[in-house]
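One structure is given below, encoded as structure tokens.
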Amino acid sequence: MTRPIACLLGLFLLSGPVGAVPHPTPQWLVNAHLIDGRGEAGAPLVDVRLEQGHIAEIRPAVPNAVGLDLRGGYLLPGFVDAHAHIEDPASARRALLSGATTVRVLGDAYLKGLATRDLIRTGVIDGPELLASGGHIRPRLGEPFILSFPQFGQYLESPLTGAENVREVARAVIARGADVLKVGASERAGLAYTDPRRQELSYEEIRAVVEEACRSGLYVAAHAHDRKGVAAAVRAGVRSIEHGTYVDDDTLQLMKHNGTFFVPTLAIMSPLGDPHGDSSEAIALQLRTRAMMRPLREAVRKAHALGITIAAGTDGTYGEGEGAAVRPAHEVEELIAAGLSPIEAISAATYQSARVLGIEGRTGSVAVGLEADLVVVERDPRRDSSTLFEPVLVLSNGEQVLNRLY
């Protein structure tokens with residue numbers, strides 16, 4: 001059995017700033033019930049002191065304390081969306097206003113995600129911290145990838161095959177500044193002419209990408225529905241399985257053994273992600289959803305029972321058209337329906353997703369020393385998860401980007 005290669009994230013991932021915002025930074029957030037994101041069951045009433053964009057102190061709430069009064073609301077970490085497709089400033093802004101303070105962008109047409117990431121990091125625009133893959137390494141690279149990497153023009157009409165050829169593509173994506181690499185272990189589910197039960201890259205090809213990523217301190221995420229594709233990706237040492245619809249019991253056991261993370265993207269795989277209309281392609285995808293939801297939900301239940309770490313990803317765009325409607329709160333609701341407790345589902349969308357990205361040492365939970373990436377909602381999300389759809393306060397690195405505390 002092949003063990004995964006252990007990787008450490010590069011230091012550049014540990015200091016990615018969020019764009020400057022015009023709102024003043026509060027010194028104290030007072031009178032809030034704390035849900036820390038790490039799965040603690042309680043929600044004590046606390047005050048939180050912020051300093052230089054970080055959480056400097058957490059204390060039991062003091063009556064009549066001076067600060068921004070959260071009025072007994074519920075204070076959580078900002079959402080960490082472990083799988084999304086943000087490719088423009090407006091979408092990045094929408095993600096931030098919905099409470100997503102960190103987003104892993106997997107797949108990137110014309111490197112727009114990387115460019116949006118850089119605009120945020122340099123403070124030109126507001127948005128969540130983005131960790132971007134710079135493309136999707138798969139046999140059919142597609143025109144957007146080839147136009148971004150014209151040195152691989154020979155694959156415009158012919159498939160990318162062979163471990164050394166795949167390795168060369170991985171090196172180019174890393175050189176362009178990717179924070180994470182994405183490989184195709186199976187075909188897509190969201191296109192009527194592709195078959196999610198069909199494997200794409202082989203074990204040897206995925207392994208080549210993992211080896212190149214590890215040399216640069218990066219992780220690899222595998223798009224994988226097909227049973228054989230999931231197994232190949234896990235054996236090759238990927239950090240996370242994205243979707244995992246047809247994963248079998250043996251591979252789930254291997255995921256548990258290897259510490260592979262599971263990002264099922266349940267909401268986008270539900271009717272919420274289906275195209276509307278009565279075209280033949282739209283109907284084909286609607287029918288596919290009906291067939292795929294049951295095995296995917298069962299895979300999540302089994303993974304949860306085994307203790308595999310489950311993280312939350314929307315697979316959405318936060319933009320217009322396909323994938324625009326999905327938010328982290330949708331995924332929390334789907335995870336609860338699949339058997340996670342509300343507090344586990346919240347942790348999946350915060351701390352556990354931060355672990356997938358390898359940044360839990362600086363964000364993803366509410367703890368002293370971490371970045372002040374915070375969300376406040378009006379009601380107890382352990383009892384009413386719908387409150388997560390409309391935060392009343394969002395802070396990114398301690399700066400207010402949304403304040404609806406009327």
Side-chain angles (χ1 to χ4, degrees), residues 83-88 104-118 130-216 218-226 228-230 232-233 236-243 263 265 268 281 313 315 317 321-323:
H83 185 138
H85 297 278
I86 292 174
E87 294 184 347
D88 61 82
R104 186 174 61 158
V105 179
L106 295 180
D108 189 355
Y110 305 105
L111 302 183
K112 293 186 290 184
L114 280 176
T116 302
R117 176 202 68 182
D118 292 344
L130 300 185
L131 304 182
S133 73
H136 187 164
I137 303 173
R138 61 197 323 167
R140 296 289 181 182
L141 290 172
E143 184 177 293
F145 190 101
I146 297 300
L147 291 180
S148 302
F149 297 90
Q151 66 268 39
F152 300 117
Q154 68 268 34
Y155 303 121
L156 186 60
E157 300 295 338
S158 301
L160 168 67
T161 60
E164 291 310 308
N165 293 330
V166 171
R167 187 187 303 276
E168 185 180 4
V169 171
R171 287 173 178 162
V173 174
I174 293 169
R176 190 62 70 91
D179 304 304
V180 58
L181 297 186
K182 181 183 182 183
V183 296
S186 76
E187 292 189 359
R188 289 184 58 183
L191 297 174
Y193 57 84
T194 58
D195 184 354
R197 293 177 181 268
R198 183 178 296 145
Q199 184 177 354
E200 284 197 318
L201 295 178
S202 68
Y203 160 79
E204 292 80 10
E205 291 164 344
I206 298 172
R207 184 72 175 180
V209 176
V210 171
E211 289 171 352
E212 289 304 315
C214 286
R215 289 190 179 99
S216 298
L218 304 181
Y219 293 136
V220 178
H223 168 102
H225 294 282
D226 170 66
K228 292 181 180 179
V230 177
V238 301
R239 177 72 166 181
S240 61
I241 292 295
E242 315 295 310
H243 318 305
V263 186
T265 65
I268 200 71
E281 289 194 0
D315 202 8
T317 66
E322 182 183 357

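Index from 1, following the sequence.
Taking CG of L141 as the start and CG of L147 as the end, the distance is 11.5 Å to the nearest 0.5 Å. The distance from atom CG of L111 to atom CZ of R176, rounded to the nearest 0.5 Å, is 5.0 Å. Here L160 contributes atom CG and L201 contributes atom CG; the two are 7.0 Å apart, rounded to the nearest 0.5 Å. Note that CG of L218 and CZ of R239 are 12.0 Å apart. Values are rounded to the nearest 0.5 Å. Atom OG1 of T116 and atom CG of D108 lie 8.0 Å apart (nearest 0.5 Å).
Summarising the geometry of E212 relative to I174, their closest heavy-atom pair is O-CD1, 3.6 Å, with the distance given to 0.1 Å. Closest approach of Y203 and A232 over heavy atoms only: CD1-O, 3.7 Å. Taking every heavy atom of both residues into account, I146 and G153 meet most closely at CG2-CA, 3.8 Å. The two residues D179 and L130 come nearest to each other via the heavy atoms OD2-O, 3.8 Å. Here the closest non-hydrogen pair linking L181 and A213 is CD1-CB, 3.9 Å. What you find for D226 and Q199 is that their closest heavy atoms are OD2-CB, 3.5 Å.
Ion pairing between a basic and an acidic side chain is recognised when a charged N comes within 4.0 Å of a carboxylate O; R207 and E204 show no such pairing.
Residues V180 and R104 form a side-chain contact, since some pair of their non-hydrogen atoms from C-beta on lies under 4.5 Å apart. Between H83 and I268 the shortest side-chain heavy-atom distance does not fall below 4.5 Å. Considering only heavy atoms from C-beta on, S133 stays 4.5 Å or farther from V105 through its side chain. Between H85 and D315 there is a side-chain heavy-atom pair separated by less than 4.5 Å.
For E157, the CD atom counts as loosely surrounded, since its 6.0 Å shell holds 12 or fewer non-hydrogen atoms of other residues, nucleotides or ligands.
Contacts of E87 classified as salt bridge (charged side-chain N to carboxylate O under 4.0 Å, His left out), with partners at least two apart in sequence or in another chain: K112. Remark: E164 engages R167 in a salt bridge (charged side-chain N to carboxylate O under 4.0 Å, His left out) (not counting sequence neighbours). Under the rule for a salt bridge (charged side-chain N to carboxylate O under 4.0 Å, His left out), K228 has no partner lying at least two apart in sequence or in another chain.
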Requested in this report: Go through V210 and V183 one step at a time and tell me if the side chain to side chain contact (heavy atoms under 4.5 Å, CB included) criterion holds.
Outcome: CA-CA 9 Å; V210 171; V183 296; over 6 Å; no
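Counting only residues at least two apart or in different chains, side chain to side chain donor-acceptor pair (under 3.5 Å) contacts with residues 140-149 are absent. For residues 135-191, the set of pairs meeting the ring pair (Phe, Tyr, Trp, His ring centres under 6.0 Å) definition, not counting sequence neighbours, comprises H136-H223, F145-F149.
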Report all side-chain donor-acceptor pairs from residues 185-195 shorter than 3.5 Å, counting only partners two or more places apart or in another chain.
from: S186; atom 1: OG; to: H225; atom 2: N; distance (Å): 2.7
from: E187; atom 1: OE1; to: D195; atom 2: N; distance (Å): 2.7
from: E187; atom 1: OE1; to: R198; atom 2: NH1; distance (Å): 3.4
from: E187; atom 1: OE2; to: R198; atom 2: NH1; distance (Å): 3.3
from: T194; atom 1: OG1; to: R188; atom 2: O; distance (Å): 2.7
from: T194; atom 1: OG1; to: L191; atom 2: O; distance (Å): 3.1
from: D195; atom 1: OD1; to: R197; atom 2: N; distance (Å): 3.0

